[in-house]
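Proteins get letters first, then strands, A, B, ... in listed order; numbering begins at 1 in each. The model shown is predicted, which means the values in this text are computed figures rather than measured ones.
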Amino acid sequence: MSDNFDLASHYPWLPSSLIKYYSNLPDDPKEFISEIFSSTISEEISERTFEIFKAAFNNLENVVYYKLDKLNVYMYLLIKILLIVLNDKLLTNRVANLYSKINYYDLLEENDYNIYHICNEELNLNVQYLPEGEVYGNKSYENNQQQVITNFKIFFIDYLNLVANLRDEYRKLINNPLSNGFVFLKKKTLIRLLQEYVRNKIKEVEIKEITKKDDLLNIKGFRELLEKISAAWKNRKDEIEYYEFDGTEDASFYPPCIQEIRSKAKEGQNLIHTERLLILWFLLALNVPIEDIVKFFSTMPDFDQEKTTYQVNFAKRKGYKVYLCETLKSLDLCRANKDKEKICTEGYYSKTQEAQRKISSPLQYVHVRQHRNRRESKNKSNINN
Amino acid sequence: MSDIDYLKRLFQDYYRKKTNQIPPIDSLNQREFGFIPWDDIIIMNRHISFVNYEAFKNYLSKFSPRHIYSSGALYNNPDHTDMNKKGYLGCDFLIDIDVDHFYTPCKKDHDLWYCKKCGKNGIGMAPNKCPKCENSQFKSLSWICEKCLSLAKNEIFKLIEDFLLPDFKINKEELKVVFSGHRGYHLKIENEKIRNLSGAERREIVDYLTGENISYEILGLNDLNSNLYFLEDNYGWTKKIINKIKKNIHDYPNDVLKDILSDFGLNREIIEYILNDKNNFLKNLWKIKGLGEKTWVNFLKNITKNLGAKIDVPVSIDIHRLIRYPGSLHGSTGFRVQELSLSELETFKPLNEINQEIDPIVFAEKKDVKIKIEILENKVPSIKIKGKTYGPYNKGTIEIIPLHVAVFLLCKGVAKTRSFIDD
């Protein structure tokens, strides 16, 4: 738990932290970078920053040696500069996910006052603290009633701003208790929204455009760190690119609706509830191993290994069927027309029925592609023979 | 003089003499304006702006367009033709309630449709496909009556009293309501913070207002094994749904209730159970034979649809939308787009308003002017204006009618003038 006065050093993304620690920061980050790498902290800050990147490459949820000290404040800015120079969307999302998750766990340890202070005084959000707690509903378990109480409510416009990129059903305004202009929410949920703020903040390019990248690369310590990160990331990225749910179908046979979800996930973007269900049921139907499916979801900003493993196992036991194309259209998940995919829009020719048939589900798409692929391979081998 | 020229002159007369009835709107110089002139081909002239209110009024006096619109959005350069270069500053939250977009029982009395392919016609809302040739393009004649305009008014009150005030706590002073001059009402929320919302954030508000994308699972309403009465005090939509079910059950006599529950997708057996256990059935849904989760959720969907406000969704989400200017005349009816306070709205009767200050039928003032008209359409439904019913008419009917009724029929394009008669 932090005392109020050191919140700024614990959470470098707070506006007061920027004022307190970076008041002399010039527009060009060169001065800041050269100061860091010519000082005694150079080695430690490099190591700790690399640890963060390494953990992000592997989609870990925590960094063992993460410390809430003054160095952490400089590290935040260094990470932002590195991400701008590296200019890699996937990496930026991964680092942002990890960094925000670390902050989420730290914020969970904060007392109510500090959370209130961060929201109102620092982030200028209209969050109200209800010292006595307010009952905003009940939960019903069979014939038992349990009151739902909270100490926090947030003005609906601030709520909408914070959840703008969180697209799951739980965050939708309609599925939340709204009264008198405020959304009532548990402290943990409020902190989850703060996590989202941090995630976006680290991706924000608020440091003046780094136009003279070469100037930064002339600083030895910075260059070495950058090269170390780039090399490690290249190896890891290659693994990710080739990762195709080991031993199962070629993902290039997946239909556009699934490809879209895959590319969003790869970039570490949030998936909406229906997208998550679609990909989950689809992968289960293709017999992709549970651990690989869990690995697929690990790029999500709100990934929780234990919960995800439970949910994937639960879905497997229940044996849910993959959405049909008709349902995907109504859920606005169908990409057939957007991607102008012929198999989806025109269907395929069925030899047995001597007719053009429509595709009715994403799985059928995979089967058609597999069939065509087998046919082409056969033709090729006939030619070779 | 052609009928179009005649209407233009009438509109011009209004814009010259009644400038005091065309109010200035907030940040007028930062709004984009759009006008539809009196040409045969309907094209809107957009990207127009005015330095001030006087310049706007002068434009109206000079050109007197058929339709007048202004943007909900504010821009640095409202007259720039490239939307990306307009310098978007924010947008008021716009809500359009138009009886054209939802079912009203009276449509079967006054709306007509014709299939563009085979000519088959019918009454009420146009079907999705022509029953004769399966074509999906129709010409339709949407009419208005006191009943459907009253339903539109109910929707505005529902919106304000069930959503905007209790849930969103919108300040009453920030709500600007107008009668659209035709088939409904517009509501504009002028609030600095709301102006900054993105399209996606507006979609969240729209979903809340309409009940779209609700999750009964998250709200705990689909669990047949739990006691749903426990959820009656939950803030937000849960409370609305439980209260609506309870209200229906207790307010209606059994014979009416049977029909309502049946319309909401429940079968006879389930309805009987509910009627026999009105006070407790929400505690014991699991006991109801034949009630599965699918039926229950379908029932909840119907309740939700009934509770949600029937708004024209794209209008509220689109941040570059233009909306009719208050005080201007609607070119399809000749009625004024009438600004109303919430207290005025309560008793407001668009087709028969006694209070002259807010009477949208501006040409009713000229009581002495009568016009002989000839009906051009095969069938024209009746219209009750100022307490008197005119029509229904068949093609070729010639009748002498008051100016305001003639303007309505001329604007609708279903009649032409034969001669002007001054008493």
Side-chain heavy-atom pair A/Leu333, A/Glu275 within 4.5 angstrom cut-off: yes
Distance-minimising heavy-atom pair for A/Cys334 and A/Lys329: CB-CG, 3.8 Å
Residue-level interface, residues 124-135 of chain A with chain B, non-hydrogen cut-off under 4.5 Å: A/Glu134, A/Val135
Portion of B/Leu219 that has a non-hydrogen atom of chain A nearer than 4.5 angstrom: side chain
Proximal component of A/Phe184, with respect to chain B [non-hydrogen, under 4.5 Å]: side chain
Side chain proximity check, A/Arg192 to A/Tyr104, heavy atoms < 4.5 angstrom: yes
B/Lys86 to B/Tyr75, cation-pi by 6.0 Å centre distance and 45° axis angle: yes
Salt bridge flag under 4.0 Å for residues A/Asp339 and A/Arg335: yes
Which portion of A/Tyr170 sits near chain B, non-hydrogen atoms under 4.5 angstrom: both
Note, B/Glu201 side chain near A/Asn161 side chain (heavy atom, < 4.5 Å): yes
Contacting moiety of B/Asn213, where chain A heavy atoms sit under 4.5 Å: both
Salt bridge flag under 4.0 Å for residues A/Glu260 and A/Arg262: no
Proximal component of B/Leu224, with respect to chain A [non-hydrogen, under 4.5 Å]: neither
Pick from A/Asn176, A/Leu160, A/Val148 with the largest number of heavy-atom pairs that fall under 4.5 Å of chain B: A/Leu160
A/Glu346 CD to A/Lys340 NZ distance, which is reported to the nearest 0.5 Å: 12.5 Å
Residue, of A/Ile157, A/Asp158, A/Val183, that accumulates the most heavy atom pairs under 4.5 Å with chain B: A/Ile157
Exercise: identify the closest heavy-atom pair between A/Pro362 and A/Leu278: CG-CD1, 4.3 Å
Largest heavy-atom contact set with chain A, pairs under 4.5 Å, which of B/Pro166, B/Ser198, B/Ala200: B/Pro166
Ionic contact status for A/Arg199 with A/Glu196, cut-off 4.0 Å: yes
Sidechain N-carboxylate O distance under 4.0 Å for B/Arg321, B/Asp312: no
Enclosure of A/Lys139 NZ (heavy-atom neighbours >12, cutoff 6.0 Å): no
Residues of residues 231-248 of chain B with any heavy atom under 4.5 Å of a heavy atom in chain A: B/Leu231, B/Asp233, B/Asn234, B/Tyr235, B/Gly236, B/Trp237
